[in-house]
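Report on one structure; see the data block that follows.
One is the number of the first residue; the rest follow in order along the sequence. For ligands, and for the atoms within them, numbers begin at 1 and follow the listed sequence.
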Amino acid sequence: MGAHILVVEDEEKLARFVELELLHEGYEVSKAANGREALDTAVAGHFDLILLDIMLPGLNGLEVLRRLQQYNPTPVILLTARDAVMDKVAGLDAGAVDYITKPFAIEELLARIRVALKLHGKISSAAASQRKEEDVYRWGKLTLSEKRHQVIYDGHEINLTNREFQMLETLLKNQDIVLSRDMLLDKVCGFDYVGETNVVDVYIRFLRSKIDEVFGVKMIQTVRGVGYVIKSGT
Ligand code: CA
């Protein structure tokens with residue numbers, strides 16, 4: 001049996017067209033025509049990939065993506081309108097692996113699906129072969145699980161964006177090592193990012209507002225003129 005793909009698209013003709021093409025390629029296909037249905041279907045079933053239209057009635061695709069990312073590691077390819085640059089950025093930030101602009105050639109969609117399935121397959125088998133302890137980082141009452149993409153403080157789940165999560169993970173992995181803004185920027189935005197390093201300060205502020213301020217701790221410390229550190233003994 002081929003990979004199982006969930007197609008979330010409210011335009012019935014397009015959804016049907018994509019479904020037929022995917023079936024023809026040997027994939028198993030389920031469909032959802034709005035955001036709520038997409039969430040329910042995705043949570044109830046096991047999918048290898050989700051094709052998610054952004055412009056959906058009711059709950060839009062980005063909102064569906066954000067909610068899915070909280071407990072579902074299924075790779076998502078977004079279907080976006082031609083000029084919706086902010087949607088693409090927001091979508092990738094929220095954890096989509098790729099996006100494709102409408103109208104698209106079916107060959108291009110099929111190629112991107114193959115790449116996403118291949119990449120995700122590799123990543124999950126690599127993650128599975130790692131020792132379990134390597135997957136979890138701790139600081140005081142805080143636990144970060146890489147595989148589940150989940151941060152819990154004293155039983156309370158903390159909702160972080162992808163970049164906040166990566167920033168926190170980098171600091172937790174390197175406890176007691178002061179990381180410069182440049183290093184953190186590389187980790188979180190990619191080494192080819194050409195922006196301001198004060199982006200890092202912004203994410204640190206978000207993290208502090210979600211963790212330090214809520215739980216009354218001082219987790220992330222500023223080292224003036226150098227960067228940031230989480231100290232293991234504090
Ligand atoms: Ca639509």
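For the Ca ion (ligand 1), protein N, O or S atoms under 3.0 Å: 3 in total.
For N34 (side chain) and E37 (main-chain N/O), a donor-acceptor pair under 3.5 Å exists by modelled atom type.
V7 and L20 are assigned to two separate hydrophobic clusters, defined by single-linkage of ILVMFWY side chains at heavy-atom distances under 4.5 Å. In the hydrophobic clustering of ILVMFWY residues, with side-chain heavy atoms under 4.5 Å counting as a link, L39 and L65 come out together. Taken together through direct or relayed side-chain contacts under 4.5 Å among Ile, Leu, Val, Met, Phe, Trp and Tyr, M55 and L68 form parts of separate hydrophobic clusters.
Classified by interplanar angle (parallel below 30°, tilted 30° to 60°, perpendicular above 60°), the ring pair H156/F215 is tilted. Between F165 and H149, the angle of the ring planes stays under 30°, which puts this pair in the parallel group of the 30/60° scheme.
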